[in-house]
*Asks:* 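The structure that follows is given in the form of structure tokens.
One-based numbering, in listed order, for ligands and for the atoms of each. Residues take their numbers from the sequence shown, with the count starting at 1.
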Amino acid sequence: MKLEQQPKVSLGFLPTPLQELTRLGKILNTPRIFIKRDDQTGLAFGGNKTRKLEYLLGDALNHGDIDTLITTGAVQSNHCRQTAAAAAKMGLRCELLLGGSQPNDLDGNTLLDYLLGANLHWTESNDSQLMLKDLAEKVRASGYKPYIIPYGASNPIGALGYVNAMIELIQQLQTLPSPIDYIIFASCSGGTQVGLQIGADFMNFKGQIIGISIDSDVSQKNKYQELLTNLANETCDLLQLPQTYHNQNFTVNYDYAKGYGVVGDLERNAILQLAQLEGILLDPVYTGRAFGGLLDLINKNFFKKEDSILFWHTGGSSALFPYREKLINEKLKGHPS
Ligand SMILES: *Cc1c(COP(=O)(O)O)cnc(C)c1O
């Protein structure tokens with residue numbers, strides 16, 4: 001596998017910690033749950049995009065004549081915030097195309113985008129892919145040299161961050177008394193899941209890797225499985241790995257995808273439980289939902305009591321603030337038991 005040969009810059013504090021959720025496990029009577037702290041990658045509040053950006057920035061700088069990063073995402077995109085931070089650290093300009101119209105206040109990630117020096121653009125009701133092209137042309141017309149990073153940093157180069165992360169995890173797991181049976185995490189643009197799966201297969205990891213779908217519901221299942229498969233095969237080409245992936249090689253749970261950024265009881269309770277039992281903050285959009293899904297699967301006896309589960313925390317807690325209303329109101333109605 002040609003991972004070592006890929007150009008890469010150092011942006012994060014790696015390896016990230018691996019911990020056990022001992023109090024949550026005891027109080028909620030769960031199987032053993034471990035947590036991989038990629039919310040602590042260190043780049044301006046951290047998160048999973050840091051690892052992807054290490055390879056993408058490596059590629060960008062390898063092109064030589066790049067001075068501007070362009071990317072796109074939702075208003076509260078963690079990916080855009082980490083891209084803005086990576087640009088600052090590498091001395092590049094950053095243009096962000098955010099979905100929707102300009103909010104009255106900069107808050108959460110948009111405040112951080114601004115502080116990190118990114119120029120913010122809003123899609124309003126326009127097609128984001130067309131606008132992204134437009135933006136790149138405008139940047140070029142102004143005499144700058146852009147490097148375009150796709151939505152979620154999920155292309156074969158970005159996915160390498162999670163191939164590498166899986167190798168990092170396998171080394172950490174050697175210190176645990178028993179093997180990990182399941183890895184659970186939030187899956188949305190696919191780079192994390194693809195990287196983890198390729199890394200797991202390469203390292204002969206025996207556990208199951210299950211993405212909790214955030215944005216694609218069951219009606220979009222085929223499309224998402226195909227996206228994962230295509231991305232995996234392109235990533236294998238880049239790494240000169242011989243295997244071919246198929247849709248059934250990726251396990252995704254679509255049961256919790258009830259609208260992007262919609263915070264309900266599942267997300268809220270998960271956030272409150274982990275905060276109050278372990279002092280760890282999840283985020284409202286991704287990890288709140290994925291950890292909520294994990295707790296629900298435990299309740300439904302999906303796992304055996306003797307299983308060991310690893311929850312991969314992918315970051316995002318800087319988006320808690322703009323979701324305050326959804327989080328506070330319900331908390332006043334009922335404290336988690
Ligand atoms: C982007 C993101 C994800 C999803 O990762 P993908 O590689 O896009 O599937 C999960 N959690 C958080 C906090 C994110 O920002």
*Asks:* Could you list which atoms of ligand 1 come closer than 4.0 Å to a heavy atom of T192?
*Replies:*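 Atoms satisfying the 4.0 Å criterion: 5 (O), 6 (P), 7 (O).
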*Asks:* Which ligand 1 atoms, with their elements, are less than 4.0 angstrom from a heavy-atom of A186?
*Replies:*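 Counting atoms of ligand 1 from 1, those under 4.0 Å from A186 are 4 (C), 10 (C).
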*Asks:* Determine, for R93 against E95, whether the closest basic-nitrogen to carboxylate-oxygen distance falls under 4.0 angstrom.
*Replies:*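 A salt bridge links R93 with E95.
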*Asks:* Under 4.5 Å between side-chain heavy atoms, counting indirect links through other Ile/Leu/Val/Met/Phe/Trp/Tyr residues: same cluster for Y245 and M166 or not?
*Replies:*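 Same cluster.
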*Asks:* Looking only at distances, please establish whether an N/O atom of ligand 1 is found under 3.5 Å from an N/O atom of Y224.
*Replies:*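 No - when backbone and side-chain N and O of Y224 are compared with those of ligand 1, no distance drops under 3.5 Å.
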*Asks:* Indicate if I170 and I309 have the same hydrophobic cluster label, given that clusters are the connected sets of ILVMFWY residues with side-chain heavy-atom separations under 4.5 angstrom.
*Replies:*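 Result: no, two separate clusters.
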*Asks:* Grouping I, L, V, M, F, W and Y whenever their side-chain heavy atoms are under 4.5 Å apart, do L28 and L281 come out in a common cluster?
*Replies:*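 In one cluster: yes.
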*Asks:* Considering the heavy atoms of S187, write down every atom of ligand 1 situated less than 4.0 Å from one of them.
*Replies:*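 Every atom of ligand 1 under 4.0 Å from some heavy atom of S187: 9 (O).
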*Asks:* Does Y162 have R51 sitting over its ring (NZ/CZ under 6.0 Å from centre, angle to axis within 45°)?
*Replies:*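 Judged by the rule, R51 and Y162 form a cation-pi pair.
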*Asks:* Just by distance, do the side chain of D307 and the backbone of K304 share a donor-acceptor pair under 3.5 Å?
*Replies:*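 Flag set: sc D307 to bb K304 pair under 3.5 Å.
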*Asks:* Purely on distance, is any nitrogen or oxygen of G190 under 3.5 Å from one on ligand 1?
*Replies:*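 Min N/O separation from ligand 1 is below 3.5 Å for G190.
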*Asks:* Would K221 and F250 count as a cation-pi pair here, with the cationic atom under 6.0 angstrom from the ring centre and within 45° of the axis?
*Replies:*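 No - K221 does not lie over the ring of F250 by the 6.0 Å and 45° rule.
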*Asks:* How does H79 reach ligand 1, by side chain, by backbone, by both or by neither, if only non-hydrogen atoms under 4.0 Å count?
*Replies:*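 For H79, there is no contact with ligand 1 at all, from either part.
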*Asks:* Side chain or backbone, does C188 bring an N or O within less than 3.5 Å of an N or O on ligand 1?
*Replies:*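 N/O-N/O distance below 3.5 Å exists for this pair.
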*Asks:* Using 4.0 Å as the upper bound for N to carboxylate O, is an ion pair formed by K326 and E267?
*Replies:*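 Salt bridge between E267 and K326, a charged N being under 4.0 Å from a carboxylate O: no.
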*Asks:* So do L92 and L57 actually touch side chain to side chain, heavy atoms under 4.5 Å?
*Replies:*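 Yes. Closest side-chain heavy atoms under 4.5 Å.
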*Asks:* Quick one: which ligand 1 atoms are inside 4.0 Å of a heavy atom on G191?
*Replies:*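 Listed by number with element, the hits are 7 (O).
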*Asks:* Given that the side chain starts at C-beta and the backbone is N, CA, C, O, which of these parts of I214 lies under 4.0 Å from ligand 1, counting heavy atoms, or is it both or neither?
*Replies:*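 None of I214 does.
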*Asks:* Which bit of K52 gets closer than 4.0 Å to ligand 1, counting heavy atoms only: side chain, backbone, both or neither?
*Replies:*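 Near ligand 1, K52 shows its side chain, while the N, CA, C and O stay back.
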*Asks:* Polar-atom distance check: S189 versus ligand 1, any N or O pair below 3.5 Å?
*Replies:*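 Yes; at least one N/O pair falls below 3.5 Å.
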*Asks:* Between Y286 and ligand 1, is there a nitrogen or oxygen pair with a distance under 3.5 Å?
*Replies:*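 No; every N/O pair is 3.5 Å or more apart.
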*Asks:* Report yes if some N/O of T287 lies less than 3.5 Å from some N/O of ligand 1; otherwise report no.
*Replies:*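 No, since none of the N or O atoms of T287 sits under 3.5 Å from an N or O of ligand 1.
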